[in-house]
Amino acid sequence: MERNETIEKKTFIIPVGLVGLYAVLLVISGRIVQLLSLNSSNSKIFASVIINFVICALFLWLNKKYIRVKIDFKFTFSFFKRHKILATVLAIIIILIVIGNVKNLPLALMVSLQAGIVEEVICRGIISKYIYNGLNKVEEKRRIWISAIFSGLAFGMLHFINLFRQGLLPTINQVIAAAAIGMLFGVIYLVYKNLFGTIFIHFLNDFWIIAVTGTITEQDSGTVAMIISSMLYWIILGFIAWRIIKKKVA
């Protein structure tokens, strides 16, 4: 009984510690970029991207040495081959975004690639999978839901570090939205067993937002709009997650 309780606590305590470590490293990386006294904003973002990839490499080392979670990754576009209409629509949208926002492309590409790869490796590849592995005695659907929701909430809380560069209301909105997105990405990864899928979706999500707005800072849209958008995120993304689990998990 004691052994099972220890495993249960470890299943959630270690991911919390990893998220805390990630948050601390992100804050430190921000301070390092400031100390570099770079002139242009693009130079600062590029330096931040490089440091984030170093952080990712550190987490991969920690995983290999101590955590020992197998990260499922296959470089494949089979999903889009099966859904040609969706692939065509996405391609058209991306082309239109690129044509209409050429000046924002360097920023969008740098930030989106970094966020898509680094955040998915750490938050889904390592953290979600660690929780999932620790719940091996739990029924499969519940196992996926618990792992995805807990890691999604942790991913959302991580965005509180954005208070260093933006206001409270936009940050809270970002935290809630990121938690919902993290939950859905957790479900997608744990069901389809392929991190490439969530990396690609994460990249596209960040890319079109940054390419269109030209900024990585969340804008204050007002309390009412924030509450409505936050509710919509959880309702829509929660429904998509529920459909995926219902359709794909026995």
Side-chain angles (χ1 to χ4, degrees), residues 8-31 48 51-52 55-56 58-59 62-63 67 69 111-112 114-135 143-190 195 198-199 201-203 205-206 209-210 216-221 223 225-238 240-241:
E8 291 262 343
K9 289 176 182 177
K10 182 181 174 184
T11 299
F12 296 101
I13 289 172
I14 287 181
V16 169
L18 290 173
V19 171
L21 174 62
Y22 187 24
V24 169
L25 290 173
L26 287 176
V27 172
I28 291 172
S29 73
R31 291 289 177 263
S48 180
I51 294 171
N52 269 271
I55 292 172
C56 184
L58 172 63
F59 270 85
L62 286 172
N63 182 52
I67 306 167
V69 168
V111 175
S112 303
Q114 172 261 306
I117 295 170
V118 177
E119 292 178 7
E120 290 309 307
V121 167
I122 295 172
C123 297
R124 253 63 67 185
I126 297 174
I127 293 173
S128 289
K129 190 68 178 292
Y130 183 87
I131 299 169
Y132 177 83
N133 289 348
L135 299 173
R143 188 183 182 191
I144 292 172
W145 272 121
I146 293 169
S147 305
I149 290 172
F150 188 88
S151 62
L153 290 172
F155 179 63
M157 296 295 284
L158 182 67
H159 287 71
F160 270 119
I161 65 169
N162 291 337
L163 282 169
F164 285 102
R165 59 180 171 83
Q166 63 189 30
L168 179 61
L169 274 180
T171 301
I172 291 174
N173 190 36
Q174 210 169 42
V175 166
I176 296 170
I181 292 169
M183 175 273 298
L184 177 61
F185 286 177
V187 167
I188 292 171
Y189 175 57
L190 296 172
L195 195 65
T198 59
I199 288 173
I201 298 168
H202 195 149
F203 165 78
N205 179 68
D206 288 2
I209 293 173
I210 298 169
I216 59 174
T217 302
E218 184 83 6
Q219 302 302 309
D220 191 343
S221 54
T223 306
M226 185 198 79
I227 292 170
I228 293 171
S229 65
S230 299
M231 287 174 63
L232 284 174
Y233 260 108
W234 273 98
I235 291 169
I236 295 169
L237 301 187
I240 294 170

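- Of the inter-residue distances, the one linking Phe150 atom CZ with Leu135 atom CG reads 10.0 Å to the nearest 0.5 angstrom.
- Looking at residues two or more places apart in sequence or on another chain, you find a side-chain contact (heavy atoms from CB on, under 4.5 Å) between Ile13 and Lys9.
- Within a 6.0 Å sphere centred on CZ of Phe203, heavy atoms belonging to other residues, nucleotides or ligands number more than 12.
- In this structure, OG on Ser112 lies 10.5 Å from CD1 on Ile117, to the nearest 0.5 angstrom.
- Contact annotation: the side chain of Trp145 approaches that of Met183 to within less than 4.5 Å [non-hydrogen atoms, C-beta and beyond].
- In this structure, Tyr189 and Lys129 have side chains that are in contact, with non-hydrogen atoms separated by less than 4.5 Å.
- Looking only at side-chain heavy atoms (C-beta outward), Arg165 and Asn162 come within less than 4.5 Å of each other.
- To the nearest 0.5 Å, atom CG of residue Leu158 and atom CG of residue Leu153 are 12.5 Å apart.
- For the pair Ile146/Phe12, a side-chain contact is recorded, criterion being any heavy-atom separation below 4.5 Å from C-beta on.
- Considering only heavy atoms from C-beta on, Ile144 comes within 4.5 Å of Val187 through its side chain.
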Begin with the C-alpha distance, continue with both residues' side-chain angles, and end with the deciding distance and a verdict on side chain to side chain contact (heavy atoms under 4.5 Å, CB included) for Leu232 and Leu237. CA-CA 8 Å; Leu232 284 174; Leu237 301 187; over 6 Å; no
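- Side-chain atoms of Arg143 come within 3.5 Å of backbone atoms of Tyr132 as a donor-acceptor pair (strictly under, hydrogens ignored).
- Using a 30° and 60° split on the angle between ring planes, Phe59 and Tyr22 fall in the perpendicular class, above 60°.
- Taken to the nearest 0.5 Å, the CD1 atom of Ile210 stands 9.0 Å off from the CG atom of Asn205.
- For the residue pair Ile122 and Cys56, the shortest heavy atom distance occurs at CD1-CA, 4.4 Å.
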- Trace of the side chain to side chain contact (heavy atoms under 4.5 Å, CB included) decision for Asn173 with Leu169: CA-CA 6 Å; Asn173 190 36; Leu169 274 180; over 6 Å; no
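- In this structure, Thr171 and Phe160 have side chains that are in contact, with non-hydrogen atoms separated by less than 4.5 Å.
- Shortest non-hydrogen contact noted between Val69 and Gly125 is CG1-O, 3.5 Å.
- The line from CD1 of Ile149 to CG of Leu184 is 11.5 Å long, rounded to the nearest 0.5 Å.
- Remark: the backbone N or O of Gln114 is not paired with any side-chain donor or acceptor of Asn52 at under 3.5 angstrom.
- Between Pro15 and Ile127, the closest heavy-atom pair is CB-CG2, 3.7 Å.
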**Message:** Does Thr198 form a side chain to side chain contact (heavy atoms under 4.5 Å, CB included) with Ile201? I'd like the steps, not just the answer.
**Reply:** CA-CA 5 Å; Thr198 59; Ile201 298 168; 5.6 Å; no
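- Going from atom CD1 of Ile67 over to atom CD1 of Ile14 covers 7.0 Å, rounded to the nearest 0.5 Å.
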**OP:** Could you walk me through whether Leu195 and Arg124 pass side chain to side chain contact (heavy atoms under 4.5 Å, CB included), step by step?
**Re:** CA-CA 8 Å; Leu195 195 65; Arg124 253 63 67 185; 3.8 Å; yes
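- There is a side-chain donor-acceptor pair under 3.5 Å between His202 and Glu120.
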